[in-house]
Trainee: 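Quick one: this structure, given as structure tokens, is what I'll be asking you about.
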Amino acid sequence: MSLYQQIYDTVRRIPYGRVSSYGRVALLAGLPGHARMVGYALHALGSHGDDVGEVPWWRVVNATGYISNAYQPELQRALLEAEDIVVDHRERVDLRRFLWEGDESML
DNA sequence: CAACTGACTGCCG
DNA sequence: CCGGCAGCCAGTT
């Protein structure tokens with residue numbers, strides 16, 4: 001299984017209405033310290049095709065709660081709000097309310 | 001093969 | 001709270 005698939009699988013675990021950060025996804029995927037690779041993997045979703053629909057990429061924001069997406073920040077904001085996740089006027093999510101820590105046992 | 005480029009992060013001032 | 005900066009690493013040029 002490729003590193004990307006491992007990352008996609010982890011992103012798929014993020015529950016509806018919750019968010020996670022690039023760093024946490026990397027950690028849960030068994031790739032501690034590789035936050036940037038998570039962003040890279042999500043960016044690659046569009047290019048190599050078909051799995052875009054099954055990976056909830058919009059539930060991933062950066063460590064401070066901001067939307068890091070350089071491509072479609074507006075779309076990500078809309079998708080998050082559609083799940084009742086509050087995004088403030090500066091594109092930030094309150095991690096104290098919506099951050100999904102993940103299941104400790106999956107480490 | 002050497003540089004460059006990010007959907008990142010933690011640390012420091 | 002904000003900007004700067006060094007690690008990070010797979011793809012592109």
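A, B, ... follow the sequence lines: proteins, then strands. Residue 1 opens every chain.
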Trainee: Tabulated below should be each protein N or O lying under 3.5 Å from an N or O of nucleotides 11-13 of chain C; please produce it.
Mentor:
| from | atom 1 | to | atom 2 | distance (Å) |
| --- | --- | --- | --- | --- |
| dG11(C) | O4' | Tyr40(A) | OH | 2.6 |

Trainee: With a 4.0 Å cutoff (strictly under), does any side-chain N or O of Arg90(A) reach OP1 or OP2 of dC2(C)?
Mentor: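 Yes.
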Trainee: Is Trp100(A) linked to Val60(A) within one hydrophobic cluster, defined over Ile, Leu, Val, Met, Phe, Trp and Tyr using a side-chain heavy-atom separation of less than 4.5 Å?
Mentor: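 Same cluster.
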Trainee: Tell me what Gly23(A) touches on the nucleic acid: a base, only sugar-phosphate, or nothing, going by heavy atoms under 4.0 Å.
Mentor: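 Sugar-phosphate contact only.
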Trainee: Measure from CG on Asn62(A) to C1' on dG10(B) and round the result to the nearest Å.
Mentor: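 Distance, rounded to whole Å: 12 Å.
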Trainee: If you take all heavy atoms of Arg18(A) and Glu83(A), which pair is closest and at what distance?
Mentor: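 Minimum heavy-atom separation between Arg18(A) and Glu83(A): N-OE1, 4.5 Å.
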Trainee: To the nearest Å, how far apart are Leu31(A) CG and dA10(C) C1'?
Mentor: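 About 13 Å, once rounded to whole Å.
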Trainee: Starting at atom CD1 of Ile7(A), determine the distance to atom C1' of dA10(C), rounded to an integer number of angstrom.
Mentor: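 Going from Ile7(A) (CD1) to dA10(C) (C1'), I get 11 Å.
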Trainee: Is it true that a side-chain atom of Arg77(A) and a backbone atom of Gln72(A) form a donor plus acceptor pair closer than 3.5 Å?
Mentor: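 Not at all, since once roles are kept as given, no pair shorter than 3.5 Å links the two residues.
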Trainee: What integer distance in Å separates Met37(A):CE from dA7(B):C1'?
Mentor: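 So the CE-C1' distance, Met37(A) to dA7(B), works out to 14 Å.
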Trainee: Given atom CD of Glu74(A) and atom C1' of dA7(B), what is their separation to the nearest angstrom?
Mentor: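 That distance rounds to 16 Å.
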Trainee: Quick one: does Arg24(A)'s side chain have a donor or acceptor within less than 3.5 Å of a partner on Glu101(A)'s backbone?
Mentor: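 Yes: the side chain of Arg24(A) pairs with the backbone of Glu101(A).
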Trainee: Taking the side chain from Tyr40(A) and the backbone from Tyr4(A), do they hold a donor-acceptor pair closer than 3.5 Å?
Mentor: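 Checking the backbone N and O of Tyr4(A) against the side chain of Tyr40(A), no donor-acceptor pair under 3.5 Å is found.
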Trainee: Grab the two heavy atoms, one from Ile7(A) and one from Ala41(A), that are nearest each other, plus how far apart they are.
Mentor: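 Looking at all heavy atoms of both residues, the shortest contact is CD1-CB, 3.9 Å.
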Trainee: Please determine, for dG6(B), whether a Watson-Crick or G-U wobble partner exists with both distances under 3.5 Å, and give it or none.
Mentor: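 Matched dG6(B) with dC9(C) under the 3.5 Å cut-off.
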Trainee: Give a yes or no answer on whether the side chain of Gln76(A) reaches the backbone of Ser68(A) with a donor-acceptor pair at less than 3.5 Å.
Mentor: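 Checking the backbone N and O of Ser68(A) against the side chain of Gln76(A), no donor-acceptor pair under 3.5 Å is found.
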Trainee: Starting at atom CD of Glu91(A), determine the distance to atom P of dC8(B), rounded to an integer number of angstrom.
Mentor: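 Rounded to whole Å, this separation is 15 Å.
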Trainee: So Thr64(A), base contact, sugar-phosphate only, or nothing? Heavy-atom distance under 4.0 Å.
Mentor: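 Here Thr64(A) touches no strand at all.
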Trainee: Output the rounded distance in Å from CH2 (Trp57(A)) to P (dC8(B)).
Mentor: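 From Trp57(A) CH2 to dC8(B) P: 14 Å.
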Trainee: So which one's nearest nucleotide on DNA chain C is more toward 5', Arg36(A) or Tyr66(A)?
Mentor: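 The residue whose closest nucleotide sits nearer the 5' end is Tyr66(A).
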Trainee: What is the distance from NE2 of His34(A) to P of dG6(B), rounded to the nearest Å?
Mentor: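 Going from His34(A) (NE2) to dG6(B) (P), I get 21 Å.
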